[in-house]
Structure formats: C-alpha cells, structure tokens
4 protein chains.
Amino acid sequence: MLVSAAQTYQIDDSKGKAGRPRSDESHRAILDATRRLLTHMPVHKLSVEAIAKKAGVGKTTIYRWWPNKQAVVMDAVFSQPAFLNILPASATAFEGIKVQIEKLLRQLAGKNGRMVAEILGEAQGDMEALKSFSQGFFQERYDALARYLSEGKDSGEFRADLDMESAIDLIMGPIFFRLITGQDFDPAFEKNLIDSLRRGLSA
Amino acid sequence: MLVSAAQTYQIDDSKGKAGRPRSDESHRAILDATRRLLTHMPVHKLSVEAIAKKAGVGKTTIYRWWPNKQAVVMDAVFSQPAFLNILPASATAFEGIKVQIEKLLRQLAGKNGRMVAEILGEAQGDMEALKSFSQGFFQERYDALARYLSEGKDSGEFRADLDMESAIDLIMGPIFFRLITGQDFDPAFEKNLIDSLRRGLSA
Amino acid sequence: MLVSAAQTYQIDDSKGKAGRPRSDESHRAILDATRRLLTHMPVHKLSVEAIAKKAGVGKTTIYRWWPNKQAVVMDAVFSQPAFLNILPASATAFEGIKVQIEKLLRQLAGKNGRMVAEILGEAQGDMEALKSFSQGFFQERYDALARYLSEGKDSGEFRADLDMESAIDLIMGPIFFRLITGQDFDPAFEKNLIDSLRRGLSA
Amino acid sequence: MLVSAAQTYQIDDSKGKAGRPRSDESHRAILDATRRLLTHMPVHKLSVEAIAKKAGVGKTTIYRWWPNKQAVVMDAVFSQPAFLNILPASATAFEGIKVQIEKLLRQLAGKNGRMVAEILGEAQGDMEALKSFSQGFFQERYDALARYLSEGKDSGEFRADLDMESAIDLIMGPIFFRLITGQDFDPAFEKNLIDSLRRGLSA
DNA sequence: GGGTAACCGAGACGGTACGTCTAGTCTTTAA
DNA sequence: TTAAAGACTAGACGTACCGTCTCGGTTACCC
C-alpha cells in the first residue's frame, strides 16, 4: 500500500522500551484539535496553547513530539485521508498526469487549499520548514509526475527533448500560483491548463 | 512619470497645512532600516520595534503612516529601484513577454526574491494583505503581460482562442512555483520556460 | 516625616521626561491585587499571572517595575499603612523599646504576620532577596532600637557594658522565633519578654 | 540507642512481607544525591528530577517513600550524623543549657545552617510542613532544654517564677534570628547570649 | 519451584507558572 | 500637527518542574 509520506511523526512501539508508552489517544486528540481549530482560523492565529487546551493535553506533550507549531499543523493537515495520493493505473502517460492534476485541484479546493497555502506561506523564511513541507507534500506528487513523464518519453508519447524538471514546474506552477494569489480553480482554468499541457508535452 | 504602484504610501505635502510637517527624513529612515534589517533576517523575525530603533524613530511614527508591519515591509521592498518595471518597446508581442520574464527572473533572484516570497507567504491567511500584495506587486506585471497578449492576439501572432487569464497563469506560475519552493532560477529553467511558452502561445 | 523605607519602588515624576508617564493607577492596582490575593493564599501559591489578571494589567507592566514576584509582594505588604513605624517620643529608653516591641507584635499578629514570615522564608536561599527584605523591613526597626539602646546607655539607664548588636538579637529573636515556628503571640509571651529584657538591660 | 527523630522515613523490614523488598541502596543514593546537590544550590532550585537523575533512580521510587520534595530534603539534611543531638551529662542545669547552645551553634554554622534556614523558610506558608519541621528538628532540642530548665527550677539554680516556654524562646530566638537574617555566629554573639541567659535565668 | 506481590528504572502524562517577546495603542513633552 | 519616547494591555512563546501514571523487568516470600 502506498501511504502518504506526510505522516512524518508516527507512533512506533515496536521496540520493547522501558517507560510509559506514548499515548496514542493524546496523539490523535492533538491532531484532531489542530484540524478542528484550523477550520475557524488561519494558521498564524492558531496557538499551541489553544491546541493543547482543546485537545485536553499538556503543552509539554505537544512539544515532546513536534518541534514547533508548523510541524503539528503539517502533520495534522497532510495526514488527512483526503490528502492520500493513491492513483489508479492509467492507459496513457498523459492520462495519468491529467488524473493527478484533477486530484490535486480537488485536494486544494476550499478550506484545505487555504490551509496548504498558509502552511507553505509560513514556511517561507525558514529553509528547514520549507524542506520539511516539500518532503511532506510535494515529494510524492513530484515523484508520480516524474514517473508518468518518464514513461511518456520512453514510449514516444511525449517529446524526446522534454526536460523533466521544467515540465513539472509547468504543471504544478499554475496551480500553486492561483492558490497563493487567492484565486480559486474554476473549470475554465482546469481545461486550459490541461489543453496547454497536452500541446506542450506531446511529441 | 511612471512610478511603481508599489509605493503605496506616498508623501504628499502639497497642501500648506498647519502643524509640524511630516518628516521626510524619518520616512526614508524607516524604509532604509527595514531594508537593511531584512538582509539579515526573514520577515517574520523582523519586529516593528527593531525598525523603530534602527531608524531612530518612534514606533508611533511608523504606525501613523503604515497600518501594520506588512505594509512597511512591502513598501520598503517594492519601492526599491530594482523593482521598477519600466520596459522598452518591443518588436513583437512575444519579445515583450520574453523581456518581461527575463526582468522578473532577475528581480526575483537572490535576497530580493526571498523577501518577496516571505512577504507573499505572510500574506496567506490574511485576504486583505493578499490583495494589497497583488496590487503592489502583481498588478503592473499582470497588466503588462495582458497588454502584450492582447496585442499578439489582435495581430495574429498568438492563437486566436487564447484565454488571457490562463495564459498569465502559465507564464507566472512556474516562476513563482520555483520561488516558493526554494529552488533558484537556473538558465535551463529560463530557456525551457520561454521555449514552452513560444510553443503554447504561437498561432 | 518618617516614611517607611519599605516603599522601595516609588513613582518619581519630578523630571519632565518624554514618553508616556508611568501609570499610577496600574501601580496601585498591582499592589492592591497582590494584597487581596495574599489573604486567600500563601506567597508561594501566588503567581504573577494571577496578580496581572486580578489587577487588569499586562504581565509586562509588573516585570517592568519589579524584578520578580518577591519584590512585588514585599512592596505590597510593607507599604501598608499598618507597617508604618512612627513612634511617639518616650520618657525613658526602656519605655521606647517596650512600645516598639508592642507595636511590632501587633503588626505581626494574624494574617500580616504570616505574610511576613512567608516572605522572609522565601528569601532564604537568595541572599539578594534577604538583603532586600532586611532593608525593607528590619532596617528602620533596627535603627529605632539602636537609638533607644544608645540613649539608655548614655543616660545610665542601661548597663554600660551592653553590646548593642547582641541586645537587638535578644529583643527581635524571640519574636521572630515564635513567628517562624508558627506560634502566636499570647499576652504571657509579651509580658515575659519585656520583663526579661528589663532585667537584662538595666544597669 | 538514641537516634535522631529526624529520620522520619525509616526502613522497616521487620515484617516478612511478600514482594521485592525495598532497596536500601536506592534509599541511600537518594539521600546522598540530595545532600550532594544541596551543597551546590539552594533548596528551591533543587528538583526531584535532578535528585532522581543524580541518584540513578526513578522518580517513582522517591515519591513512593517520601510525600514530596520537602520531606526528602528534611530527611537528607537532618539524618546527617552532625545533626545528632547526644549530649553529655552536665554538672549544673545551666551548664547543660550552655553546652546545648554551643552544639546548636556549631551545627548551624556554614552550609548546614543555610540548608536548615532554607528548609524552615520553605515550610512557611504550609502548616503541615512547618509541623513536620518542628518534629524533625526542634522537638528534641526543645525537650532537652525543657529538661534542664525543669531541673534547674527544682534544684533552686534558676528563678522559681521562670516560665519555661518563654525561656526557650529567649534561648532559641536569638540564634534563629541571626540564622534567618543571614548573619553568622561570631564568638561575641555566643558569649553575650550565654551571659545574658545566665543573668536572666539565675535565681 | 511456580505464583504472586511489591519493588525498581524509565519516561510519558496533564498541569501550572515562569520570564521574554511582540503587536498595536496611548499619553506625555518638544519642536 | 507631527515627532520621539516610552509605558500600556494582551497574549503566545518554549522551558522547567510538579506529582501521577504506566510500562517491562526484578527480586523476594509463600505455597
């Protein structure tokens, strides 16, 4: 099974270690509370204290498992089932890319999209956080696209001189540009993006 | 005279009003101090108090002329000469777009790019700030691109069925995607972007 | 006029300085809240946060004027009118000492005595605090006693070989011993102390 | 054998109970670590966690045998051999009191005195702790003095109208007054105290 | 000699308070 | 009227302990 790499901070009781084991319940409560609070307020208005209170948990417990607010929020948002990225096999490489785009647009619509934008925003100015965000969210989507592009090039479906990295920028760029400039994804945008990519990638 | 619209909070002493006149020197000192401090630290670590101290200015003076930290920072960064967007006339519409892209990439390289990314990042989660950012930075670049696109469509240089808004997303998207994901702009990226656009826009 | 040296942190607006002047109201509110809270709980259960909340004041304001909880509490307790130490002139030196003892016993009876004991207790293990306590509370009582003892020696009312410092220990010692061991001051104790001193000091 | 009543929390393995027996070694390690740490820091800076770590012991083990930090510290300090209070028989009642005073002054000089002062200080504001301190430290010294005073009254060595309780306050008071006000015991103080008591007690 | 019960170390838990920091506002004197 | 200075309320930060709890494991006694 392909599980989201976003679940960065997982519980691991495999080792028979001494000491009281980590409370699975607290862990869930923290993530739940974070998600719940984020529906009412933007990330920068969310405080660790508020999470602790809402989750019925000591602040220490949060700081024991996550280094800062960012990490908790990323974990809370990205570990949602809606952000799982399991994709069906597709007939053609371009079909795969198209499905990936459609899925991403659905994931980034509405509240969840705002949350992602805010997390990405807060990560600017902190390279560590930015790397962490990339690993938690972009990596698997990037990999999936890369796989399709590579397949398409090999099969002759796509242009032979295609630069993979730039192609990914061309796919993801417009989506995130609209996200961070606060414009929503209307059907016209989706259609135009896909049409444009079809023209740009095809052999 | 064509002055950058980024200078949102301009001095206007045209009226002969009573009372002590606004100190032009303080105004400059504030923006200078802000710029100076931003070379050492990210936006979110910059405090208004630090600006005031460095500028030798009361905090009140800052809040009298700018509504909040965001506004000061935007003003300080966008009013730099490097961010002026005066472009030469160009032979073809595509040439105009190409020059605009090249200029933008130069503006967003290095420290200035980081600052823009951080400002844009901080504006997520605050629709007011986001709108303000758009007006201060995107608007004139957006307008310029729209002008070229329109010209190109009219002259038959570009496809007749071109959707202007989507076209702009395709141009700006990849650039800002690389910016906010922390990747820098290598020559390959620039070349690939322009080539891809040439293919996508041409009739 | 003889004013208690306990009011260590006084407001002084004599200089015409720039900037918003210190808020007399906040100052009073902090001290009031502290006193009020101390009637319900011992010093070590009192938190600066609670004082700030009760006084309707920012925590910063407290920390701006007092270095820590100790200092606030000392100021609050010792600046009470009941702790003023104005004593009438007395016919004989011994009479002066007797009145001083009676006054001190009245000041240290009940809740106020407990507060003083707790403050003194908390100051153990922090030489700075201990010195501060001595200056705030002991000094003037010590001085008063020293004055009477000196007068009595000079006039021949007291023994010529009297050691002043030891004499003060003999006077204050029993009182504070009962205070810190949690015994209250019954009339028998008062009478016995004074009788004993009369015997011990007289020529 | 006369053992200090200070050893409040003694090991008692007399009953043949089931289960793992209490670890004598841990017990010693805890008290040792506490004493060792107290030479470097005041009582209120000492944490149970630090004791546990230094002693190589679980926090649980400490809390199983002592109800709180206070109790551990009292046990650690008062169970030291130096605090044993075995006194030789004395020719006269006053001689007995004199020896008791001398011993006490020696016990309370230096670091040990500071520790006692801090323990007594922390006990202010907690009547339970204060009672516990009295039983652990004062009781036997109080009893010894009471015995001598009673003997002296019976034998006519002391005044017949002597109030025992007040007399003890007069003896202990000056000593603890100097202790808690941070003054040390110089020879002059000792001589003056004893001389004064001689005058005050004698028939 | 197997069962059981109290002990042990480790360390996570819910809490509370600390003292610091910043935002944005308010109030004074000086220019 | 504006400026500089700086005090103000509000509230989050991340750290340190408290005393409790829950593990896996270790000894003794008791049957």
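Since the structure is predicted, the reported quantities are computational estimates derived from the model, not experimental observations. In what follows, every chain begins at residue 1, and chains take the letters A, B, ... in the order their sequences are listed.
- Summarising the geometry, atom CG belonging to Leu46(A) is positioned 10.0 Å from atom CD belonging to Glu118(A); distances are rounded to the nearest 0.5 Å.
- A close approach under 4.0 Å does occur between a side-chain nitrogen or oxygen of Ser26(B) and OP1 or OP2 of dA4(F).
- In this entry the distance linking CZ of Arg22(D) with C1' of dA5(E) reads 17 Å, nearest Å.
- Comparing Lys69(B) and Val57(A), the nucleotide of DNA chain E nearest to each residue sits closer to the 5' end for Val57(A).
- Between Asp24(D) atom CG and dT26(F) atom P the separation is 21 Å, expressed in whole Å.
- The Trp65(A) side chain lies nearest to dA12(E) when the options are dT9(F), dC26(E), dA12(E).
- Between atom CZ of residue Arg36(A) and atom CG of residue Leu38(A) there is a gap of 11.5 Å, rounded to the nearest 0.5 Å.
- Between the CD atom of Gln70(B) and the C1' atom of dT22(E) there is a distance of 14 Å, given to the nearest Å.
- Residue Thr61(C) is in base contact, counting any heavy-atom pair closer than 4.0 Å across all strands shown.
- For the pair Arg20(C) CZ and dG6(F) P, the computed distance is 14 Å after rounding to whole Å.
- Between the OH atom of Tyr63(C) and the C1' atom of dT22(E) there is a distance of 17 Å, rounded to whole Å.
- In this structure, Lys54(D) atom NZ and dG9(E) atom C1' are separated by 19 Å, rounded to whole Å.
- One interatomic measurement links the two molecules: CD of Glu25(B) to C1' of dA4(F), which rounds to 13 Å at whole-angstrom precision.
- In terms of position on DNA chain E, the residue among Thr60(B) and Ala52(A) whose nearest nucleotide sits closer to the 5' end is Ala52(A).
- Nucleic acid contact for Ile62(B): none, since no nucleic acid atom lies under 4.0 Å from a heavy atom of the residue.
- We find that CZ of Arg28(C) is positioned 19 Å from P of dA7(F), with the value rounded to whole Å.
- Figure legend: cation-pi geometry between Arg28(C) and Trp65(C) absent, as NZ or CZ is not positioned both under 6.0 Å from the six-membered ring centre and within 45° of its axis.
- Between atom NZ of residue Lys59(C) and atom CD of residue Glu49(C) there is a gap of 4.0 Å, rounded to the nearest 0.5 Å.
- Within the 4.5 Å cutoff, side-chain heavy atoms of Asp32(C) are placed close to those of Arg35(C).
- Nucleic acid contact for Lys59(B): base, since at least one base atom lies under 4.0 Å from a heavy atom of the residue.
- Each of Val48(D) and Glu49(A) was assigned the nucleotide of DNA chain F with the nearest heavy atom; the assignment lying further toward the 5' end belongs to Glu49(A).
- Taking only side-chain nitrogens and oxygens, Arg64(A) comes nearer than 4.0 Å to OP1 or OP2 of dC13(E).
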